[in-house]
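Shown next, in structure tokens, is the structure this report addresses.
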Amino acid sequence: MSIKENLQKIEQEIYNACMRANRNPEEVKIIAVTKYIDIEKTKEVLDAGIVHIGENRVEGGVEKAEALGNRGVWHFIGTLQSRKVKKMIDKFSYIHSLERESLAREIDKRAKAGTKVNCFVQVNVSGEESKSGLRSEEVIPFFRSLEQFQAIHVVGLMTMAPFYENPEKTRPFFKKLKELQLEVQALNLPYAPCQELSMGMSNDYIVAVEEGATFVRIGTALVGSH
Ligand SMILES: *Cc1c(COP(=O)(O)O)cnc(C)c1O
């Protein structure tokens with residue numbers, strides 16, 4: 001199937017999930033994860049009308065963004081090493097993997113004076129060893145610690161659920177992220193409106209949308225895996 005056909009199917013699924021959950025489908029944005037595909041194929045993604053592009057590596061992502069003339073809105077979704085912030089910060093509009101104070105400090109240092117960097121705080125809701133992100137109980141103290149950084153603007157929370165054959169099993173993790181979002185919002189921090197939830201991938205995006213996702217990050221099901 002073409003990218004356009006995949007997109008239509010995914011948009012329909014998102015629409016149906018929103019109807020089941022009493023949500024406005026316009027709240028849900030699709031990020032096409034292009035980490036598996038090359039520059040040519042990524043151009044096809046943009047040509048299909050997709051605006052949000054997700055990359056998990058600094059090198060590949062910066063190269064693609066430059067090659068494609070900075071079309072699209074670029075989301076950094078992978079683990080981010082502090083020493084690479086300088087290289088990526090001008091190319092990416094969103095960082096989905098803020099999970100430690102040292103990274104916030106580096107982003108704050110490298111951001112252009114007076115600008116805000118849109119970040120998601122990544123939470124390891126499942127506690128799986130292999131996943132990065134804060135543990136649930138670390139989330140609130142971490143948000144408070146971000147007050148010292150002028151450039152950090154937290155737009156939301158991000159998580160990756162464990163992989164299950166049956167996506168229904170991911171539901172508790174997405175519910176938990178939603179609960180954490182409400183706790184953060186109750187703090188009323190001016191630098192952290194936290195209105196977004198970045199959750200749901202090819203296998204589990206339908207469940208994630210039912211539980212409140214506003215950004216789904218879809219690779220395989222949308223653009224293929226090579
Ligand atoms: C690769 C990746 C995705 C997309 O995965 P698919 O299963 O191919 O949809 C989403 N989020 C993150 C953080 C990823 O690394």
Side-chain angles (χ1 to χ4, degrees), residues 1-14 17 28-38 41-42 44-46 48 50-62 64-65 72-81 84 88 91-100 103 118-134 154-171 173-174 176-177 196-226:
M1 284 216 293
S2 70
I3 291 171
K4 268 220 153 83
E5 286 167 326
N6 291 340
L7 179 62
Q8 274 173 2
K9 176 174 179 286
I10 291 166
E11 283 176 338
Q12 185 65 51
E13 295 285 7
I14 290 174
V28 186
K29 280 94 50 194
I30 298 171
I31 300 173
V33 176
T34 52
K35 66 186 184 194
Y36 313 110
I37 62 175
D38 62 15
K41 193 100 193 275
T42 304
E44 287 176 35
V45 173
L46 291 164
I50 294 170
V51 175
H52 297 282
I53 306 286
E55 278 282 331
N56 69 335
R57 291 185 56 246
V58 169
E59 283 77 16
V62 167
K64 273 186 191 143
V73 174
W74 292 74
H75 296 251
F76 191 83
I77 61 171
T79 304
L80 184 54
Q81 291 172 282
K84 295 192 177 167
M88 58 74 75
K91 300 290 170 213
F92 288 89
S93 302
Y94 294 86
I95 297 172
H96 288 240
S97 46
L98 178 57
E99 45 144 10
R100 58 184 194 280
L103 180 58
N118 293 317
C119 299
F120 287 82
V121 167
Q122 185 171 353
V123 187
N124 182 3
V125 184
S126 68
E128 276 187 308
E129 291 272 344
S130 62
K131 295 218 157 47
S132 38
L134 297 169
V154 188
V155 298
L157 297 178
M158 181 274 216
T159 199
M160 285 172 88
F163 178 86
Y164 294 107
E165 285 297 329
N166 175 6
E168 188 54 38
K169 291 192 173 164
T170 60
R171 193 178 298 279
F173 305 106
F174 298 141
K176 179 69 190 175
L177 199 69
E196 311 284 357
L197 285 178
S198 168
M199 59 188 197
M201 308 182 8
S202 291
N203 189 56
D204 54 20
Y205 73 91
I206 296 173
V207 179
V209 169
E210 287 172 358
E211 297 303 330
T214 64
F215 279 103
V216 291
R217 309 178 309 267
I218 307 185
T220 319
L222 180 54
V223 302
S225 52
H226 54 267

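Order of appearance sets the numbers: ligands from 1, and atoms from 1 within every ligand. Atom set for the values below is all heavy atoms of this structure, side chains included, hydrogens, waters and symmetry mates excluded.
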Exercise for the section: Return a yes/no value for Met158: is any of its N or O atoms, backbone included, closer than 3.5 angstrom to an N or O of ligand 1? Expected result: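 In this structure, Met158 places no N or O atom under 3.5 Å from an N or O of ligand 1.
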Practice task
Consider every N or O of Asn56 and every N or O of ligand 1, then say whether any pair is closer than 3.5 Å.
Solution key: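 Such a contact does not occur with ligand 1.
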Give me the residue, atom name and distance of the protein heavy atom closest to [atom].
atom                    : answer
atom 12 (C) of ligand 1 : Ile77 CD1, 3.5 Å
atom 8 (O) of ligand 1  : Thr220 OG1, 2.5 Å
atom 9 (O) of ligand 1  : Ser202 OG, 2.5 Å

Handout entry: Distance, nearest 0.5 Å, that separates CG of Leu222 from NZ of Lys9
Key =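 Answer rounded to 0.5 Å: 11.0 Å.
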Practice task
Quick one: pull up CD in Gln122 and CD1 in Ile77 and give me the separation to the nearest 0.5 Å.
Solution key: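 If I round to the nearest 0.5 Å, the distance is 9.5 Å.
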Problem - Met160, Arg217, Met201, Lys35: member with heavy atom nearest to atom 14 (C) of ligand 1 - result: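 Among Met160, Arg217, Met201, Lys35, the closest heavy atom to atom 14 (C) of ligand 1 comes from Lys35.
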Problem - Neighbour count above 12 (heavy atom, 6.0 Å) for Lys41 NZ - result: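 Counting other residues, nucleotides and ligands, NZ of Lys41 exceeds 12 neighbours.
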Practice task
Could you tell me whether the side chain of Ile30 reaches within less than 4.5 Å of the side chain of His52, counting heavy atoms only?
Solution key: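 Contact flag for His52/Ile30 side chains = no.
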Exercise for the section: State, yes or no, whether a side-chain contact exists between Val62 and Trp74 at a heavy-atom distance under 4.5 Å. Expected result: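 Of all side-chain heavy-atom pairs linking Trp74 with Val62, none is under 4.5 Å.
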Problem - Tyr36 touching ligand 1 at heavy-atom level, < 4.0 angstrom - result: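 Tyr36: in contact with ligand 1 (<4.0 Å).
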Problem - Residue pairs passing the side chain to side chain donor-acceptor pair (under 3.5 Å) test where at least one lies in residues 156-165, sequence neighbours excluded - result: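 Listed once each, the pairs would be none.
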Exercise for the section: Find all atoms of ligand 1 within a distance of less than 4.0 Å from any non-hydrogen atom belonging to Ile218, and give their numbers and elements. Expected result: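 In order of number, 9 (O).
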